[in-house]
Structures are given as C-alpha cells and as structure tokens.
**Q** 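Mind looking over this structure? Questions follow.
In what follows, chains are A, B, ... by sequence order, proteins preceding strands, each numbered from 1.
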Amino acid sequence: MAIKNARVRFAPSPTGLTHLGSARTALYNYLIAQQSDGVFILRIEDTDQKRYDPQAEQDLIDSLRWLGVKWDEGPDVGGPHAPYHQSKRMEIYRKYAEELVAKGKAYYCFCTPQELEQVRKQQQANKQQPHYSGRCRDLPAEDAQQRVKAGESHVIRFKAPKSGSITVTDKLRGEITVENRSIDDRVLLKSDGHAVYHLAAMVDDHEMGITHVLRGEEWLPSLPLHAHIYEAFGWEQPIWVHLSVFLKPSGKGKMSKRDTEQMRLTGQSIFIKDLAAMGYLPEGVVNWIALMGWSYDDHTEFFPMQDLVEKFDLEKMNPSPAAIDFKKLDHFNGLHIRALSEKELAKRLVPYFETAGYAVDAKQLAPIIPIIQTRMTTLDEGPQLAGFFFQEEVEPSVDMLIGKGLTATASAAALRKALGILEVLPEFNAASAEEPMRAVADELGLKAGQLFGMLRNVVTGQEVSPPLFESMEIVGRETVIARLQRAIKALERPGEETPNRS
RNA sequence: GCCCCCAUCGUCUAGAGGCCCAGGACGUGGCCCUUUCAAGGCUAAAACCGGGGUUCGAAUCCCCGUGGGGGCACCA
C-alpha cells in the first residue's frame with residue numbers, strides 16, 4: 001500500500017554523537033518521504049538548554065549528509081515552518097499551553113522541584129508508581145491566574161483523565177490499551193518557559209502537518225499521553241510507528257555509554273563519524289541499518305539507496321529489537337566496494353591514502369584499483385594493501401626473502417636467475433613475465449609457488465599482496481630490478497645459511 | 001515496585017492456520033578455483049522459549065508462565 005505525499009520528520013536532540021539508532025530512524029523517514037513524493041523535515045529538539053550541544057548538532061548534520069539522507073526543510077535550509085530549532089519556538093508552545101489551560105485540559109502548578117522530589121521519593125519507598133500528587137490540579141482558576149500574574153514561578157501541567165482507558169494504535173504493534181490512571185499529569189511547559197518534549201513535539205508535528213511519526217521505541221510508553229494531548233487539542237493523530245531499539249552485539253541490553261567507549265577501543269563504533277573514518281562506505285552502512293528491522297520479501301539483501309527508496313515498506317517492518325552485527329556491516333561494505341566503479345573507488349580511496357602518509361591522487365591510484373577492489377572490506381585497508389606501490393623502497397626482512405624450504409644462498413641464486421631474465425624481457429608486463437618465471441622455477445626444480453612467494457616478498461615487501469605479476473607490471477621494471485638487487489645483496493651477506501621454515 | 005513492548009538457526013530475518021520434518025543472509029566447517037590474500041562457485045552443521053487451549057490441522061490464533069527489552073523527570 002503506497003503512501004502518497006507523506007510529511008515526515010526526524011527530530012533529534014543533539015546531545016552527543018549521531019549513532020546507528022538515530023541514523024536508521026532518519027533513514028526510514030527519508031525513504032518514506034522520497035518514495036511518497038513527500039517532505040522530510042529535520043527539526044532540532046533543543047528545549048533542554050542544559051543538555052544541548054552545538055557540536056552535536058554539527059555532527060548530526062555531517063553524519064546525515066554523509067549517509068545521503070537529505071532533508072527538504074530544516075535549520076540550515078529553512079522552509080515554510082521555520083524556525084526549526086524548538087528553542088526558537090517558545091512563544092508557539094506557550095500559546096498552545098495556555099490554550100489547554102483555557103480549555104480546562106491543563107493547569108498551572110506551583111509545586112517546587114524540591115517538593116516534587118520529596119513526594120517522588122516517598123512514593124518509591126512505598127513501591128508506588130511515582131505520580132504527581134495532584135496538589136495544584138484543582139486550584140481555582142482565578143487564584144492560579146492571580147499567582148501567575150504576580151510572577152510566581154510555575155509550570156503548566158497536563159490534566160490527564162483519571163478514569164477509563166485509552167486505546168492507541170502503533171503501526172507495528174496494533175492497538176495498545178492502557179488505563180488512564182497510569183498516566184501522569186506531565187509538565188508541558190517548564191518554569192523557564194521552554195516546552196517539554198510532550199508538548200513541543202506534538203505541537204510541531206501538528207503545525208508541520210506530519211502524517212507519520214517514526215521514532216524510537218523508547219517513546220512507546222508515553223504514546224497514550226501523546227494521544228491524550230492530541231485529543232485535548234482536538235487534532236487528528238498521525239500514524240505512529242515506533243522503531244525497535246538496537247541491542248549490543250551480544251544481544252544483551254541496549255548500548256550503554258560505557259559499552260560504546262569500550263567498543264571504540266576495540267576498533268568498532270556505533271557512531272557514524274567513526275564509521276566513516278574507519279573506511280566504511282555510506283552505502284554499506286545504509287544497507288546494513290536498513291535491514292535491521294526491515295526486510296524485502298524476495299530475499300534481496302543488496303540495496304543501493306535508490307532501491308531502498310523504491311522497495312522500503314512500513315508493512316514489512318519487524319517490531320522486535322535487533323542486535324548489532326559488525327560482521328554483517330563488513331559484508332555489506334565489501335559488496336558496495338565491489339559495486340563501485342573503478343573511478344569512483346579511486347576517488348574515495350584518496351583520503352585514506354593521504355592519512356596513511358601517501359600523497360597520491362585518484363589518477364595515480366587508477367591502475368591498482370582492479371587488483372585491490374575485491375580484496376578490501378573497508379577503504380582504510382587500501383594503503384595497507386597497496387602502499388608498496390608508492391613507496392620508494394620496501395623493507396622485507398631477510399627471513400621473508402628466503403624461499404620456503406630453501407637456504408639463503410639457494411634463494412639468492414633463484415632471485416639472481418629471475419633478475420637476469422626480467423632485465424632482458426622485451427616487454428615488461430604481467431602477461432610476458434609469468435611464463436619465463438615459471439620456466440625459471442622449473443629449471444631450478446622449484447615449485448612455482450616457492451619462487452613466486454619470494455618474488456612477492458621482494459617486490460611488495462609483504463606476504464599478502466595483490467597478484468604478483470600485475471603488481472610487478474605496475475611497479476615497473478626499473479623498481480622491480482632495484483628491489484631484486486637489494487634483496488640478493490641482503491641474502492648474500494654471510495651467516496644466513498639456515499634453511500627457512502618449510 | 002508499577003506500566004508497556006517483544007519472543008524462529010550464534011546473529012539479521014522469511015513465514016499473515018495446511019505450500020514448513022521451517023526458506024534466505026552473515027558468521028562457522030568442508031570442497032572447487034588459485035603464486036599469497038581476497039573475490040567467486042558448490043556444500044555441511046545450525047532455530048519455531050515452555051505449558052495449556054482453539055482447530056480435522058498451529059511456527060502462525062488465544063491464555064498462562066518464562067526470558068529479553070523499554071519506560072515510570074520542570075531529559076529527550
């Protein structure tokens with residue numbers, strides 16, 4: 001069932017780095033807007049001035065941009081419902097809060113935080129669900145008005161019904177019914193004049209014409225409250241969709257702050273920013289998180305963004321929590337690396353070579369792409385794999401230069417023989433070098449692998465490398481010869497007569 | 001303590017009463033390809049939380065239990 005012209009929003013509270021959970025919520029919203037020819041709004045929920053962090057907001061914008069999740073309206077791009085920072089919409093919330101007071105659906109409360117805290121403690125001690133005492137709930141309107149005018153510090157509280165029950169509908173879970181007496185008289189407007197989430201989000205969603213609210217599961221318990229607020233205003237509710245939470249890789253519980261730090265130490269992270277630095281592709285990350293909680297029924301798992309836009313479907317979402325699996329991210333990242341054009345991959349590799357200390361451009365990278373593309377799971381592996389192409393000199397240990405089951409002298413002799421032939425080869429390329437080298441091995445009674453292994457170490461300086469002859473061609477005859485000569489010299493130094501591991 | 005949500009291989013999931021002695025993917029083991037490492041191909045092991053119902057028939061519906069998760073702020 002296709003949605004048309006959805007108006008959706010992602011409304012984070014920038015208090016820390018953007019992580020996978022937020023990214024997925026943003027992604028799903030974006031997909032719905034895209035596929036329905038709708039509008040995706042980015043709204044910043046910064047009504048808690050103590051916790052708001054401008055750096056976190058910048059990180060949010062960078063992370064979303066990097067992922068390719070684009071918004072139509074938002075703080076940086078503007079739009080018909082500006083401003084998009086809730087801290088700049090105070091008067092709007094005040095007006096609506098007063099409206100509820102006038103309707104008898106909310107009331108002024110003069111209880112101090114200390115008083116509330118005390119009551120709460122007592123309730124907890126009595127093993128009761130902490131609820132507002134109701135002390136100001138039935139204050140005569142005149143008196144309350146008077147005290148407000150006199151400048152007495154106050155908040156506005158919602159007057160939740162005390163009897164009966166309410167039934168709300170979540171797209172993934174169906175109808176949820178709760179007793180009204182379990183719903184508290186929550187604060188809507190704080191004494192500092194800022195609205196609380198419960199008011200600000202409802203007002204904005206209504207004013208911005210939001211049709212589908214996709215948000216984290218942690219909001220599910222307050223959904224009945226939100227439904228009551230909508231009812232109090234006489235507004236029509238949006239379609240509510242509560243996304244399951246992400247669990248730790250172990251599947252045991254939500255990621256705690258300590259967990260995330262622990263994870264970063266081991267080279268993994270749930271922060272988008274880190275993932276980018278670690279060499280993951282936005283395509284890989286998007287594909288990965290899209291499939292945590294949603295699936296497509298023909299078993300397809302490879303999804304470029306455009307396909308997600310076409311295929312994503314709220315009906316196929318899964319309400320149960322999902323454990324994060326970084327192995328699967330590696331898999332998707334590899335898939336997307338291989339799906340990149342050679343030109344594009346070269347371009348994306350440049351920064352990783354730069355941070356590894358190689359000053360190369362995409363053009364210099366171009367020839368090596370075909371031989372490294374299937375060998376990478378993350379972009380930062382590029383320099384490890386192919387750095388030797390750009391090094392003046394490689395530094396294999398003497399041990400590495402000795403062929404399997406050979407002595408140093410035998411190894412030196414073999415390399416010398418190979419050198420003699422490579423020097424005079426009429427053409428120096430992968431195709432022309434392989435056969436003669438096989439012949440050399442034959443002649444010396446060596447297995448091809450024995451000789452090739454030595455050559456690999458000599459030319460690349462590493463035991464794991466891209467294919468040998470292709471590498472030699474790219475490195476070039478001159479450098480190959482120089483590296484061979486150096487290796488032979490190292491091998492012929494006295495005292496190296498022990499046979500190598502077999 | 002109270003409220004809410006969830007429950008299929010180790011993990012992500014397919015499964016909307018017979019198509020399921022449960023399918024795919026990741027990971028793991030084996031084989032093939034191969035100069036290393038990958039990629040690719042083939043293949044194997046691996047799950048319906050438990051108990052009651054309903055029904056001719058239940059992974060699928062209902063109830064209870066258990067387990068897991070989330071929430072109970074002038075935070076979002």
**Q** Salt-bridged, A:Asp48 to A:Arg51, with N to O below 4.0 Å?
**A** yes
**Q** Between atom CG in A:Leu220 and atom P in B:rC4, what is the gap in whole Å?
**A** 11 Å
**Q** Output the single nucleotide from B:rA14, B:rC12, B:rC37 whose closest atom is nearest the side chain of A:Lys328.
**A** B:rC12
**Q** To the side chain of A:Pro113, which of B:rC74, B:rC6, B:rA76 is closest?
**A** B:rC74
**Q** When you get a sec, tell me which of B:rG69, B:rC72, B:rC37 is the closest nucleotide to the side chain of A:Pro130?
**A** B:rC72
**Q** Taking the six-membered ring where the residue is Trp, are the ring centres of A:Phe312 and A:Trp294 under 6.0 Å apart?
**A** yes
**Q** Got a sec: does the CD of A:Glu152 have more than 12 other heavy atoms crowding it under 6.0 Å?
**A** yes
**Q** Who does B:rC2 pair with, Watson-Crick or G-U, both distances under 3.5 Å?
**A** B:rG71
**Q** Tell me the partner of B:rU34, counting only Watson-Crick (N1-N3 plus N6-O4 or O6-N4) or G-U wobble (N1-O2 and O6-N3) with both under 3.5 Å; none if nothing fits.
**A** none
**Q** From CE of A:Met292 over to P of B:rU11, roughly how many Å is that when rounded to an integer?
**A** 13 Å
**Q** State which of B:rC74, B:rA38, B:rG40 makes the closest approach to the side chain of A:Arg338.
**A** B:rG40
**Q** Tell which nucleotide pairs with B:rU54, taking only Watson-Crick or G-U wobble pairs whose two distances are both under 3.5 angstrom.
**A** none
**Q** Taking the minimum atom-to-atom distance to the side chain of A:Ser191, which one of B:rC74, B:rG27, B:rA73 wins?
**A** B:rC74
**Q** Select one nucleotide: of B:rG40, B:rC4, B:rC74, the one nearest the side-chain heavy atoms of A:Arg157.
**A** B:rC74
**Q** Between B:rA76, B:rG69, B:rC12, spot the one nearest the side chain of A:Ala323, thanks.
**A** B:rC12
**Q** Could you tell me the Watson-Crick or G-U partner of B:rC49, where both distances fall under 3.5 Å? Say none if there is no partner.
**A** B:rG65
**Q** Do A:Tyr197 and A:His226 make the cut of ring centroids closer than 6.0 angstrom?
**A** yes
**Q** If you measure from the P atom in B:rA44 to the same atom in B:rC62, how many Å do you get, rounded?
**A** 36 Å
**Q** Take the protein atom CZ of A:Arg24 and the nucleotide atom C1' of B:rU13, then report the distance between them rounded to whole Å.
**A** 13 Å
**Q** What is the nucleic acid contact for A:Lys252, judged by heavy atoms within less than 4.0 Å: base, sugar-phosphate only, or nothing?
**A** sugar-phosphate
**Q** If you count heavy atoms of other groups shown closer than 6.0 angstrom to NZ of A:Lys248, is the number above 12?
**A** yes
**Q** Quickly work out the A:Leu291 CG to B:rU11 C1' distance and round it to whole Å.
**A** 13 Å
**Q** Look at atom CD of A:Gln262 and say whether more than 12 heavy atoms of other residues, nucleotides or ligands are closer to it than 6.0 Å.
**A** no
**Q** Rounded to the Å, how far apart are A:Ile337 CD1 and B:rG40 C1'?
**A** 17 Å
**Q** Give none if B:rA25 has no partner; otherwise give the nucleotide forming a Watson-Crick or G-U wobble pair with it, both distances under 3.5 Å.
**A** B:rU11
**Q** How close or far is atom C1' of B:rA76 from atom CG of A:Leu60, stated in whole angstroms?
**A** 14 Å
**Q** When the C1' atoms of B:rG51 and B:rG41 are compared, how many Å lie between them, rounded to an integer?
**A** 46 Å
